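Remarks on the structure that follows.
It should be emphasised that the depicted structure is a prediction, and the values quoted were computed from it without experimental measurement. Position 1 is the first residue of the sequence, and the numbers go up from there.
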Amino acid sequence: MNEQAILQSAEAWVKKQLMDEYSGHDWYHIRRVTLMAKAIGEQEKVDVFVVQIAALFHDLIDDKLVDDPESAKQQLIDWMEAAGVPSQKIDHTMDIINTISFKGGHGQSLATREAMVVQDADRLDALGAIGIARTFAYSGNKGQPIYDPELPIRETMTVEEYRHGKSTAINHFYEKLFKLKDLMNTETGKQLAKERHVFMEQFIERFLSEWNGDM
């Protein structure tokens with residue numbers, strides 16, 4: 001198996017599918033997550049090929065982006081089989097992308113270190129300056145307002161409420177993003193998350209000050 005050739009082919013395939021995606025889950029998100037997953041994976045001494053291909057594919061089965069996740073899963077399996085990925089690595093990759101999603105706090109437990117690495121990389125891209133930008137891109141894409149002080153922050157949600165309930169970009173920081181720091185798996189992920197978390201807290205403090213007309 002030529003791992004590098006498979007990864008290059010996978011990159012081209014994913015890029016073609018997501019270049020016109022405007023919800024913050026575009027090709028550049030995938031690229032950042034893949035690079036971060038590779039870097040963390042090398043430090044954690046895990047299967048870096050599986051980490052990278054799972055990072056490349058992780059959003060292609062997400063119900064935020066596809067109408068039929070089960071069909072999308074089979075398409076990924078077919079692609080990997082045709083590319084010559086061994087069945088054990090296909091199973092491992094699919095297990096990762098089936099389990100790393102936040103889902104309103106209802107995500108599944110992770111079975112492998114590779115899954116922990118990919119989840120950390122994905123969550124890191126939801127934090128910091130990039131995370132702030134993606135939050136507003138996603139909210140705008142879904143027709144949600146920037147902020148509405150009359151709309152309460154949801155403390156608990158079903159997966160359906162998380163996906164389709166009424167919220168705002170600012171509420172999303174409290175409903176998900178500020179929780180991620182304490183949910184990281186790897187030491188590298190924990191350290192980077194702390195730094196990005198602080199940046200987001202500073203942003204929200206400034207945002208609410210300006211919203212309230214403070215001088």
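The pair Lys15-Glu11 does not meet the salt-bridge criterion, since no charged nitrogen lies less than 4.0 angstrom from a carboxylate oxygen. Residues Asp47 and Arg113 are not paired through a salt bridge, judged by the lack of any N-O separation under 4.0 Å between the basic side chain and the carboxylate.
Side-chain heavy atoms closer than 4.5 Å link hydrophobic residues (I, L, V, M, F, W, Y) into clusters, and following such links, even through other members, never connects Leu127 to Ile130. A single hydrophobic cluster is seen to contain both Leu76 and Phe49, as judged by linkage of ILVMFWY side chains at heavy-atom distances under 4.5 Å, directly or through other members. A single hydrophobic cluster is seen to contain both Leu56 and Val118, as judged by linkage of ILVMFWY side chains at heavy-atom distances under 4.5 Å, directly or through other members. Grouping the Ile, Leu, Val, Met, Phe, Trp and Tyr side chains by contacts below 4.5 angstrom, directly or via other members, places Met94 with Met116. Residues Ile153 and Ile132 fall within the same hydrophobic cluster, defined by Ile, Leu, Val, Met, Phe, Trp and Tyr side chains chained together at heavy-atom separations under 4.5 Å.
Considering only heavy atoms from C-beta on, Glu201 comes within 4.5 Å of Phe178 through its side chain. Tyr28 has its side chain out of reach of Glu21: every pair of non-hydrogen atoms, C-beta onward, lies at least 4.5 Å apart. For the pair Leu60 and Val66, the minimum side-chain heavy-atom distance is 4.5 Å or more. Side-chain atoms of Gln119 and Arg123, non-hydrogen and from C-beta on, do get closer than 4.5 Å to each other. Phe136 has its side chain within reach of Ile170: a pair of non-hydrogen atoms, C-beta onward, lies under 4.5 Å apart. At least one side-chain heavy atom of His58 sits less than 4.5 Å from a side-chain heavy atom of Asp122.
For Asp67, the CG atom is loosely surrounded, since the number of other residues' heavy atoms within 6.0 Å does not exceed 12. Residue Ile146 places its CD1 atom among 12 or fewer non-hydrogen atoms of other residues, nucleotides or ligands, all under 6.0 Å distant. Shown here is Gln88, whose CD atom has no more than 12 heavy atoms of other residues, nucleotides or ligands within 6.0 Å. By the neighbour-count criterion of 12 heavy atoms within 6.0 Å, atom NZ of Lys190 is densely surrounded, having more than that number from other residues, nucleotides or ligands.
Rounding to the nearest 0.5 Å places CG of Asn98 at 11.5 Å from CG of Leu110. Arg154 contributes atom CZ, which lies 7.5 Å from atom CG of Asn171 (distance to the nearest 0.5 angstrom). Atom CG in Leu7 sits 5.5 Å away from atom CD in Gln4 (nearest 0.5 Å). Considering CD1 of Ile53 and CD of Glu114, their distance stands at 13.5 Å, rounded to 0.5 Å. A distance of 8.0 Å separates CD of Glu44 from CD of Glu187, quoted to the nearest 0.5 Å. Phe57 CZ to Asp62 CG: the interatomic distance, rounded to the nearest 0.5 Å, is 15.5 Å.
Gln144 and Ser167 get closest at one heavy-atom pair: CB-O, 3.7 Å. Between Ile100 and Ala115, the closest heavy-atom pair is CG2-O, 3.8 Å. Heavy-atom minimum distance, Lys179 versus Tyr174: CE-O, 3.6 Å. Taking each heavy atom of Ala37 and Ala121 in turn, the nearest pair found is N-CB, 3.5 Å. Of all heavy-atom pairs spanning Trp79 and Ser9, the tightest one is CZ2-OG, 3.5 Å. Across Gly189 and Leu124, no two heavy atoms sit closer than the pair O-CD2, 3.9 Å.
Without hydrogens or angle criteria, Ser209 side chain to Glu205 main chain gives no donor-acceptor distance under 3.5 Å. The closest donor-acceptor contact from the side chain of Asp120 to the backbone of Asn185 lies under 3.5 Å. For the pair Thr99 (side chain) and Ile96 (backbone), a donor-acceptor distance under 3.5 Å is present. At distances below 3.5 Å, not a single donor-acceptor pair connects side-chain atoms of Asn141 with backbone N or O atoms of Ala137.
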Please report the C-alpha distance between Gln74 and Ile77 in whole Å, then the side-chain angles of each, then the deciding distance to 0.1 Å, and finally whether the side chain to side chain contact (heavy atoms under 4.5 Å, CB included) criterion is met. CA-CA 5 Å; Gln74 188 58 54; Ile77 293 170; 4.0 Å; yes

Pair His25, Arg134 - check side chain to side chain contact (heavy atoms under 4.5 Å, CB included), show working. CA-CA 8 Å; His25 299 83; Arg134 291 182 63 223; 3.5 Å; yes

Does the side chain to side chain contact (heavy atoms under 4.5 Å, CB included) test come out yes or no for Met200 and Phe173, once each step is laid out? CA-CA 8 Å; Met200 292 195 308; Phe173 285 85; 3.9 Å; yes

Might you work through the side-chain hydrogen bond (donor to acceptor under 3.5 Å, both in side chains) test for Thr188 and Gln43, ending with a clear yes or no? CA-CA 8 Å; Thr188 303; Gln43 292 194 16; 2.8 Å; yes

Report the C-alpha separation of Arg32 and His29 in whole Å, then their side-chain angles, then the decisive distance to 0.1 Å, and conclude whether the side chain to side chain contact (heavy atoms under 4.5 Å, CB included) test is met. CA-CA 5 Å; Arg32 290 189 303 270; His29 162 65; 3.8 Å; yes

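Note on ring orientation: taking the six-membered ring where Trp is involved, the planes of Phe203 and Phe207 are tilted (angle from 30° to 60°). Ring orientation note: the planes of Trp211 and Tyr147 are nearly perpendicular, at an angle over 60° on the 30°/60° scale.
Among Met36, Glu42, Lys38, the single residue meeting the side-chain contact (heavy atoms from CB on, under 4.5 Å) criterion with Ile40 is Met36.
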